[in-house]
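Step one of this worksheet: look at the structure below.
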Number of protein chains: 2
Amino acid sequence: MTEPRHSRKKTRVTSLDIAHRAAVSQATVSRVLAGSPLVNAETKRRVEQAVRELNYKVDRHASSLRTQRAGTLALLLFEDPTPDDSHINPFFLSILGSITRACAKHGHDLLVSFQQLSDDWHADYEDSMKADGLILLGYGDYLAYQSKLVHLLAQGTHFVRWGHVLEDQPGITIGCDNHAGGRMAGQHLLDCGRRQIAFLGDASTRFPEFHARYQGCEAALQDAGLSMSPGLQVDAPSTEQAGYDAAKVLLARKRPFDAVFAASDLIAIGAMHALTEAGLRVPEDVAVVGFDGTPMARFSNPPLTTVVQDTSKAGALLVDALLRLVRDTPAQSQTLQPTLAIRASSVG
Amino acid sequence: MTEPRHSRKKTRVTSLDIAHRAAVSQATVSRVLAGSPLVNAETKRRVEQAVRELNYKVDRHASSLRTQRAGTLALLLFEDPTPDDSHINPFFLSILGSITRACAKHGHDLLVSFQQLSDDWHADYEDSMKADGLILLGYGDYLAYQSKLVHLLAQGTHFVRWGHVLEDQPGITIGCDNHAGGRMAGQHLLDCGRRQIAFLGDASTRFPEFHARYQGCEAALQDAGLSMSPGLQVDAPSTEQAGYDAAKVLLARKRPFDAVFAASDLIAIGAMHALTEAGLRVPEDVAVVGFDGTPMARFSNPPLTTVVQDTSKAGALLVDALLRLVRDTPAQSQTLQPTLAIRASSVG
DNA sequence: CTGAAAGCGCTTACAG
DNA sequence: CTGAAAGCGCTTACAG
């Protein structure tokens, strides 16, 4: 099944070939391809025809070398200790999808790299001119990479990140209003008549987004004169396995609860599993609400009520902000408002 | 929240700066960075020190322009009519993860693009020197892009695809032994005492992988003197919604069945939903088996028995084969053996 | 082992 | 509106 007969070398078509064929100078070819307005219409037509006939494409490297712009953005997706490729958070993959689309829309290419937080941080994507800027995606220990962000800034690297928006954040961040999302979840559970709400997910300031979700939920309870019980909170990173394990821990404590607010959909789905296994019914015995609005939430069993983040807007905003930075136009951090999708996991 | 104070332009460090600092010629710097053996150890040390001190990175475009190699591969993920980014098949995302890793291992970067089958096919990734070769990923109507593959080959473009391996396939394909996988699923359901197996997923030759899965299952039944009933097959592309809808159609036919073999995990999960909604118990009334081995199969409710494709090997093989093509070394199509993960959706 | 020099294929002032 | 020319930052024969 070898394919030797197809290995013929391509002879590269250059702008000089086009120039000859269109009987103009190479400079003019370049002007036409750059869409310069200072070209005679007829000349332009001839050049474009030659380009089509020879299937000419501008050499990206020659062009970038000359202009000092890569026309490419790099996406660095890092996750804590997730050795298994297949467990990449689907929420980030949704954003990845919309980022590729936004890049295409702006005529940029997208380089992707999935890294561990522990890896080298490849700031050299920009140093080596491979990319004009970086998009950073990933949950993880905030403190662990805070210093790396400062370092990137100091180097003058262009980057934006998805994450929790804080005042003292180095650089530009696009993120969800996690507090508002948490409040929605809490309010909804209250509306469903629940009073003892467990929270699954890290709720320390080291994980700012989860922490804000927790606090938002608590705020809703406090408005109703209630509060979250620390005994009903269990740490968990955003995986199904962690959600499953955390729910087990919660159950083992034998404290009564009638609802679970999970810091992510993955955690929620893992938790529903553990609850079901323990003979509890969702939502009759325990109502469950997730966070993210991933596609799988719609098809879990029962379908999961969840706080939806608009990934498609997220991707567009990330790319927009980064391109502004690259072009030296003012850009700023932004917060997206989430919405609540109510499904059977909370309302029978 | 604007960040004007950080917009200072970086002054690019070039190999000439390194040369000055290390008191050697620019050519020698280049030799050191290329790992040439013809450099004095002491000279090499001085250069490397200067490189470190100035945080120098080779300019990718200058290097690629000179060598005529991009050092980059491009991944084109296309799916039929999937307007919503978020519904990208998780199976492909798993492969994407392992492809990024394989690329990194070989010192290559990865450019990604998610396209509709209907879009232009961007063979120009290679024409414009942006990438040395293409990896094609996606289910879809076989006939619809068969001709595009032929076109790519004719242009001398380097590419590999993930898909069903057929004899008369243009180019190189890495894929799963879908027939063997289908047979495993069928045999397992027989072992579970099931006799009337429904198949959800397109089973025509236009969708070769699904078709082979169907035939593999049928082969298992025939070995047992049984056969698949055409009345128990319903077409469906690989989405949860399609699986849900297909199961509804199946139920509406009111023909008895005691098992469902779904052509993909997504279809299976959607189908389990519809079955549960109709008051059927999985696996007591209907055993369900999926295909792919996606992470969500482990956490569906009940956990899904599924034919597992080794995505991590898949990514490695795709990248290996493509790099061979790029380097003009013989490469060939390959088939991966799937395995069966038995879970509660088929065995009570 | 090292340096001087050519050249990869563009873009963009500069002249006209 | 168009062309001649310089130069982006490398790599790699060619000489020594």
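Just so it is clear: chains get the letters A, B, ... in the order the sequence lines come, proteins before strands, and each one is counted from 1. Hydrogens, waters and symmetry mates are skipped; everything else that's a heavy atom, side chains included, is used.
At a cut-off of 3.5 Å, with distance as the only test, a side-chain donor of B:Ser15 or B:Gln26 sits close to an acceptor on the other residue. Using modelled atom types and a 3.5 Å distance limit, the side chains of A:Arg60 and B:Ser128 yield no donor-acceptor pair.
You'll find the side chain of A:Thr173 stays beyond 4.5 Å of the side chain of A:Val160, heavy atoms only.
Under a 4.0 Å N-O distance rule, the pair B:Asp127/A:Arg12 does not qualify as a salt bridge. The residues A:Arg45 and A:Glu48 are annotated as not salt-bridged, no charged nitrogen and carboxylate oxygen being separated by less than 4.0 angstrom.
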Original post:
Going 5' to 3' along nucleotides 6-16 of chain C, which nucleotides have protein heavy atoms under 4.0 Å from the base (write B), which only from the sugar-phosphate (write S), and which from neither (write -)?
Top reply: BBBBBBBB---

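Within the 4.0 angstrom heavy-atom criterion, only backbone atoms of the sugar-phosphate kind lie near A:Thr43; the bases stay farther away.
Remark: D:dC1 base-pairs with C:dG16; criterion is Watson-Crick or G-U wobble with both hydrogen-bond distances under 3.5 Å.
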